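Data block below; observations after.
None of these values were measured; they are calculated from a predicted model.
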Amino acid sequence: MTGLLTEDVLVRGNTDLMYISLVTTPAVGWGARSRLARTLTEGLHRAGIVSGRAHAGSEGIFVTATWRTDPRAVDELVSRLQTWRNTFDDNMIAPASPPTSPAELITALTFDAHDETDPTEGELTSILTTLSFEVVVGGGDCESALRSARDRICDAANTAVANGVKPKRESGRRTPRRPDVPTRRWAQVPVRSSWVRWYRFIDPPTDPGERLARSLVNVAFGGVYGSHLVDCVRRQRGLSYSPQSTLLQRDGRHLLVVDVQTTPGDENACDDAIRTALDQFAHRKLTRHSMVDSARYLIGRTIVDRDSLQSAVDERAALYEGSLDSALDTTGSPEDLVARADADTLTRTVETLYAPDGFGAVVLSPDRSNGKWVEL
């Protein structure tokens, strides 16, 4: 067996369900990971695990399923996982497919998804047979039974790995590429609501303090209702119900994105509003009160997320996938979080990440552009 047996089990009482996350990190880009994930999902369903789904994450592939925790149900799950694993050699690799939703399309355009070393079907089949999985489980209220189920799931998912070799993610990835010049692009697509996204490629955080600072500043700018972006775009101009900013990551590349969904015809007004909001925020002096409020929200959001069994398992799994270097530490009081972030780091984050210059932009709209944008 090649996969690590993780020590992570999350025991939650008053439930007869078990939530399972298997994580693998093949050395291929996001497009190839998506094809492998669809192949894995089809195999899960053929094996009778209808709740199972695999999807391409920021760095690897997550395979998730919900199952009952009683012993007979675990026996059945293990049997079906063995059937699924043993058919990897015979699986037909899912074909490449275009984005199936506006969210997928705008993300592909944001990252300018292009893999210069796109694997062939034969190469993907070879990768599929060598996949091994980290396993995280949670549920039930009996820790020993949960650990036994976790161990058996790990055995079923990994004992048929070809040659006993786990591919190394680092050896097969291209060096993350950052665009030399920010672009402003317009895609005319059949959507009901237009979508305006500004995005900026940023360096990974250097330490937990910088990561915490970025999270706090993002909340203040556009990560919660009542933030500066919401005030500028929604309250002052009435252009969108829920504008937001987010910190994203994929294949080693980190981004700050600002999203505004709006009525067709208001795209340029939203574009101007985003620029104004960023410019105002970049020149605004952060107050301790605003950062404490942001920290208070982060603490509450973390409590809510980790109180969900699925979210708690997903966070642990993301650590193995590589999209999280560490779980965001929100222990302590709001004042403690602000102190750990450090005032100089907070100020530098605002000044370097939120100035409007350096952002690219992309629009999804059912209409044509007015010449202000590069048409796709």
Quick check on side chain to side chain contact (heavy atoms under 4.5 Å, CB included): which of Leu109, Val260, Val196 does Val363 satisfy it with?
Val196
side-chain hydrogen bond (donor to acceptor under 3.5 Å, both in side chains) between Glu210 and Thr345, worked out
CA-CA 7 Å; Glu210 185 175 17; Thr345 304; over 6 Å; no
Using a 3.5 Å distance criterion without hydrogens, assess whether the side chain of Glu315 forms a donor-acceptor pair with backbone atoms of Val313.
no
Are Ile106 and Phe201 linked, directly or through other ILVMFWY residues, by side chains that come within less than 4.5 angstrom of each other?
yes
How long is the gap from CZ on Arg35 to CD1 on Ile61, to the nearest 0.5 Å?
12.0 Å
The test is side chain to side chain contact (heavy atoms under 4.5 Å, CB included); show your working for Val362 and Trp195 and say whether it passes.
CA-CA 8 Å; Val362 61; Trp195 192 329; over 6 Å; no
Should Asn218 and Ser245 be marked as a side-chain hydrogen bond (donor to acceptor under 3.5 Å, both in side chains) after you check the CA-CA gap, both sets of side-chain angles, and the distance that decides it?
CA-CA 7 Å; Asn218 179 66; Ser245 62; 2.7 Å; yes
Would you indicate whether the side-chain heavy atoms of Val338 and Arg288 approach each other to under 4.5 Å?
yes
Thr110 vs Arg253 side-chain heavy atoms within contact, under 4.5 Å
no
Under a 4.5 Å side-chain heavy-atom rule over Ile, Leu, Val, Met, Phe, Trp and Tyr, are Val189 and Tyr199 clustered together?
yes
Output, in order, the C-alpha distance, side-chain angles, deciding distance and verdict of side chain to side chain contact (heavy atoms under 4.5 Å, CB included) for Thr287 and Met291.
CA-CA 6 Å; Thr287 66; Met291 288 297 92; over 6 Å; no
Within one Ile-Leu-Val-Met-Phe-Trp-Tyr cluster: Val257 and Val230, side-chain cutoff 4.5 Å
no
Given Asp151 and Arg147, is the salt bridge (charged side-chain N to carboxylate O under 4.0 Å, His left out) satisfied, shown in steps?
CA-CA 6 Å; Asp151 294 351; Arg147 288 189 182 278; over 6 Å; no
So if you build clusters from Ile, Leu, Val, Met, Phe, Trp, Tyr with side-chain heavy-atom gaps below 4.5 Å, do Val217 and Tyr225 land together?
no
Go through it in stages, so that I can follow the logic: the residues are Thr120 and Glu123, the test is side chain to side chain contact (heavy atoms under 4.5 Å, CB included), and I'd like the CA-CA distance, side-chain angles, deciding distance and then a yes or no.
CA-CA 5 Å; Thr120 65; Glu123 290 170 332; 3.3 Å; yes
Any side-chain to backbone donor/acceptor pair from Arg184 onto Trp373? Under 3.5 Å, distance only.
no
Judged by atom type as modelled, is there a donor-acceptor pair below 3.5 Å linking the side chain of Thr24 to the main-chain atoms of Ser132?
yes
Can Arg68 and Asp70 be said to form a salt bridge (charged side-chain N to carboxylate O under 4.0 Å, His left out), step by step?
CA-CA 6 Å; Arg68 299 183 309 281; Asp70 63 85; 3.7 Å; yes
Pair Trp186-Glu267, side chain to side chain contact (heavy atoms under 4.5 Å, CB included): steps then yes or no:
CA-CA 10 Å; Trp186 183 291; Glu267 297 91 353; 3.7 Å; yes
Indicate the atoms forming the closest heavy-atom contact of Ala94 with Thr39, along with that distance.
N-OG1, 2.9 Å
Row check, Tyr241 ring normal vs Arg234 NZ/CZ: under 6.0 Å, within 45°
yes
Dump the intermediate steps for side-chain hydrogen bond (donor to acceptor under 3.5 Å, both in side chains) on Gln188 and Asp367, then the final yes or no.
CA-CA 6 Å; Gln188 185 181 15; Asp367 304 325; 5.8 Å; no
Measure from the side-chain N and O atoms of Thr347 to the backbone N and O of Asp344, and report whether any donor-acceptor pair falls under 3.5 Å.
no
Are the side chains of Leu131 and Pro26 in contact, using a 4.5 Å heavy-atom criterion?
yes
Just one of Leu229, Leu286, Leu353 clears the side chain to side chain contact (heavy atoms under 4.5 Å, CB included) bar with Phe281, so which one?
Leu286
Any side-chain to backbone donor/acceptor pair from Arg340 onto Pro208? Under 3.5 Å, distance only.
no
Here the pair of heavy atoms bringing Lys372 nearest to Asp272 is NZ-OD1, 3.4 Å
Ignoring hydrogens and geometry, is there a side-chain-to-backbone donor-acceptor pair from Arg250 to Glu59 under 3.5 Å?
no
Does any non-hydrogen side-chain atom of Phe111 lie less than 4.5 Å from one of Leu255?
yes
Inspect the contact between Arg296 and Asp293 and indicate whether a charged nitrogen and a carboxylate oxygen are less than 4.0 angstrom apart.
yes
How many angstroms lie between OG1 in Thr15 and CG in Leu309, if you round to the nearest 0.5 Å?
7.0 Å
Gap separating the CZ atom of Arg46 from the OG1 atom of Thr41, nearest 0.5 angstrom:
10.5 Å
Do Ile202 and Arg214 have side chains that approach each other closer than 4.5 Å (heavy atoms only, starting at C-beta)?
yes
Within the distance-only criterion (no hydrogens, no angle test), does the side chain of Arg33 pair as donor or acceptor with the backbone N or O of Gly60 below 3.5 angstrom?
yes
Side-chain heavy-atom pair Tyr19, Thr64 within 4.5 angstrom cut-off
yes
So does Arg80 pair up with Glu76, basic N to acidic O under 4.0 Å?
yes
Would you find a donor on one side and an acceptor on the other, under 3.5 Å apart, between the side chain of His254 and the backbone of Leu248?
no
Under a 4.5 Å cut-off applied to non-hydrogen side-chain atoms, are Pro243 and Val258 in contact?
no
Parallel, tilted or perpendicular: which one describes the rings of Phe88 and Phe133, with boundaries at 30° and 60°?
perpendicular
For Leu212 and Ala341, the nearest pair of non-hydrogen atoms, with its separation, is CD2-N, 4.1 Å
Atom of Gly222, atom of Ser227 and distance for their closest heavy-atom approach
CA-OG, 3.2 Å
Give the minimum heavy-atom separation between Trp198 and Pro356, together with the two atoms involved.
CZ3-O, 4.0 Å
What is the minimum heavy-atom distance between Gly332 and Leu337, and which atoms define it?
O-CD1, 4.3 Å
Would Tyr354 and Phe221 satisfy ring pair (Phe, Tyr, Trp, His ring centres under 6.0 Å), going step by step from the backbone distance to the final call?
CA-CA 9 Å; Tyr354 288 83; Phe221 174 70; 5.2 Å; yes
Pairwise distance CZ(Arg237) to SG(Cys232) - rounded to 0.5 angstrom:
4.5 Å
Side-chain donor/acceptor of Ser323 to backbone N/O of Leu319, under 3.5 Å:
no
Check whether any side-chain N or O of Asp271 sits under 3.5 Å from a backbone N or O of Asn268 as a donor-acceptor pair, and report yes or no.
no
Distance (rounded to the nearest 0.5 Å) between Arg152 CZ and Asp75 CG
4.5 Å
Can you get from Val74 to Leu146 by hopping between Ile, Leu, Val, Met, Phe, Trp and Tyr side chains that sit under 4.5 Å apart?
yes
Any carboxylate oxygen within less than 4.0 angstrom of a Lys/Arg side-chain nitrogen, looking at Arg275 and Asp279?
no
Let's go through Asp314 and Ser311 carefully: what are the C-alpha distance in whole Å and the side-chain angles of both, what is the deciding distance for side-chain hydrogen bond (donor to acceptor under 3.5 Å, both in side chains) to 0.1 Å, and is it a yes or a no?
CA-CA 5 Å; Asp314 286 346; Ser311 295; 5.5 Å; no
